[in-house]
Amino acid sequence: MNSQPDTAKPAEAGSSRRWEQPASAGLAYQTLDESSGASRFALVNGRIALPDAIVEGQAVVVEDGAILGLANPADLGSETEQLDAGGRLITPGLIDIHIHGALGHTFNEPDAAAWDIVLRENARRGVTSLVATFAPEPIPSLARCFDFCRRWMAEPGPGTRVLGAHLESPYVSPAQKGALDPTAIRSPGDGSVEPLLAYADILRIFVLAPELPGALALIERLAGLGIMPAAGHTSATDQQVAEAMRVGLHHVTHIWSAMSSTVREGPWRKPGVLEAALVFDGLTVEMIADNRHLPDTLMKLAYKCIGPDRLCAVSDATNGAGLPDGTRYRMGSMEYVVGDGVGMMLDNTAFAGSTTLLNQMIPILNQVVGVPLVEAIRMATLTPARAIGEDASIGSIAAGKRADLAIFEDDFSAWRVMIGGRWTNSR
Ligand SMILES: [Zn+2]
């Protein structure tokens with residue numbers, strides 16, 4: 001339940017949606033026209049999630065698409081329009097750095113209608129930025145996807161902003177393929193990466209297995225191009241991870257999913273990528289916090305070892321997100337099914353991504369894992385922003401950052417979502 005009644009209602013009629021504010025609410029509220037976008041306005045009567053605390057009694061002031069800062073509502077001049085958040089939680093817009101799709105579509109479809117559906121659905125959930133994540137396919141198909149991604153980023157549609165491309169690359173360990181298409185798997189040293197690196201301007205995250213021949217040279221090259229290499233779908237030892245970190249690796253893909261852990265060789269224990277992710281301070285780590293991929297004990301272990309400033313909540317959501325159990329969906333040439341609230345291989349041998357979008361991972365982190373709410377929000381905002389080097393412009397409610405904001409109900413459904421100072425019309 002909200003501590004305040006729902007006092008702001010969007011009017012139904014007309015293309016210009018207005019929020020009618022009651023005169024009796026104590027402040028001189030004005031009507032906010034969502035389509036015209038007043039250049040300066042303030043969100044009042046919300047619980048504001050800052051990186052280290054949730055504060056009340058302050059207003060978030062927005063001007064020209066950026067956050068101007070916090071202010072005492074009594075100090076706001078009459079020229080500043082005020083919007084009542086109704087006691088709800090105001091957070092930075094969520095940032096999903098590992099997401100494939102939703103509602104039957106993925107980013108592997110180079111098609112505006114498909115991307116529009118995925119990005120509007122994410123915006124509706126309070127996700128204001130994401131890194132469009134691609135499952136491995138033959139190289140020419142991936143190049144077509146990246147072409148489309150580049151065009152989309154140059155002329156974005158409505159919905160969640162695309163920060164770039166995240167490739168679960170073909171250069172992964174066949175032994176750790178998980179739900180990836182095995183026929184797409186390649187060797188990093190076979191020269192096939194060149195057409196992909198022609199998209200260095202949009203590529204942000206590149207998943208590979210650091211133990212493969214040629215992988216270290218590729219990691220070094222990626223880091224030099226400003227693309228974040230990530231260890232994923234990998235059988236590496238902890239020592240191979242350490243070696244890769246010396247040439248630019250600092251990120252690990254979905255912990256516990258498709259990665260090596262400790263094995264015995266005779267009497268000797270050899271740690272794997274899992275233990276490296278838990279122990280090495282120089283790594284940021286993704287966790288699919290859908291309460292399906294990982295039982296609560298493992299999520300608690302990751303949180304205890306890695307902490308909220310290096311552990312990123314990611315959805316790894318597929319086109320199954322938002323679809324009911326039993327729905328079949330395809331990514332590339334592979335077919336999967338939604339079952340028990342998660343994506344599954346048809347033979348039930350492996351998960352195939354989640355069906356939970358990022359907003360619903362915050363209550364799981366808070367209530368199931370026991371992460372304080374302010375840290376759970378940080379794991380879906382500032383921590384992923386920092387992991388990909390975007391924290392100067394997004395990820396927290398701070399002066400000078402983009403006005404990407406979400407206002408959540410207590411169940412973490414989004415009540416209103418703002419991207420770049422403009423309310424989305426995705427409800
Ligand atoms: Zn994935």
Side-chain angles (χ1 to χ4, degrees), residues 95-109 114-115 118-119 121-122 127 130-137 141-142 145-146 149 160 162-174 176-182 184-185 196 203-209 227-234 251-259 273-274 277 284-290 292-294 302 311-323 329-338 341-345 349-358 361 380 384 387-388:
I95 302 167
D96 198 346
I97 60 171
H98 189 151
I99 172 162
H100 296 269
L103 296 181
H105 294 282
T106 72
F107 294 115
N108 279 67
E109 297 165 61
W115 281 50
V118 176
L119 295 170
E121 177 64 6
N122 273 277
V127 179
L130 59 74
V131 186
T133 308
F134 299 85
E137 285 193 87
S141 307
L142 289 174
C145 291
F146 292 164
C149 184
T160 303
V162 175
L163 299 173
H166 176 161
L167 178 62
E168 291 198 89
S169 87
Y171 312 107
V172 296
S173 164
Q176 298 286 357
K177 65 182 187 315
L180 303 183
D181 179 355
I185 293 178
L196 301 178
L203 267 167
R204 300 300 299 264
I205 306 175
F206 195 107
V207 179
L208 76 172
I227 303 166
M228 182 166 82
H233 295 271
T234 161
H251 190 73
V252 172
T253 306
H254 45 44
I255 189 166
W256 271 288
S257 295
M259 66 174 51
V273 176
L274 169 62
T284 48
V285 180
E286 298 174 3
M287 181 165 77
I288 306 170
D290 65 348
R292 290 288 187 274
H293 278 74
L294 305 176
L311 187 61
C312 309
V314 299
S315 73
D316 198 10
T318 64
N319 35 351
L323 301 180
Y329 60 96
R330 300 189 77 88
M331 282 200 288
S333 62
M334 302 287 282
E335 187 171 22
Y336 312 99
V337 64
V338 180
V342 67
M344 283 276 192
M345 299 281 281
T349 54
F351 291 134
S354 89
T355 57
T356 305
L357 293 174
L358 192 57
M361 293 183 166
I388 60 167

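Each ligand, and each atom within it, is numbered from 1 in the order the structure gives. What's counted below: heavy atoms across the whole structure, side chains too, no hydrogens, waters or symmetry copies.
Between Thr284 and His251, the side chains place a donor N or O and an acceptor N or O closer than 3.5 Å (distance only, hydrogens not considered). Under 3.5 Å, the side chains of His100 and Asn319 contain no donor-acceptor pair of N or O atoms.
Aromatic ring pairs are classed by plane angle as parallel below 30°, tilted from 30° to 60° and perpendicular above 60°; the pair His233 and His254 is perpendicular. The aromatic rings of Phe134 and Phe107 sit tilted, their planes meeting at an angle between 30° and 60°.
No other N/O/S atom of Asp316 lies as close to the Zn ion (ligand 1) as OD1 does. Here the N, O or S atom of Glu168 that is nearest to the Zn ion (ligand 1) is OE2. When the Zn ion (ligand 1) is compared with the N/O/S atoms of His100, atom NE2 turns out nearest.
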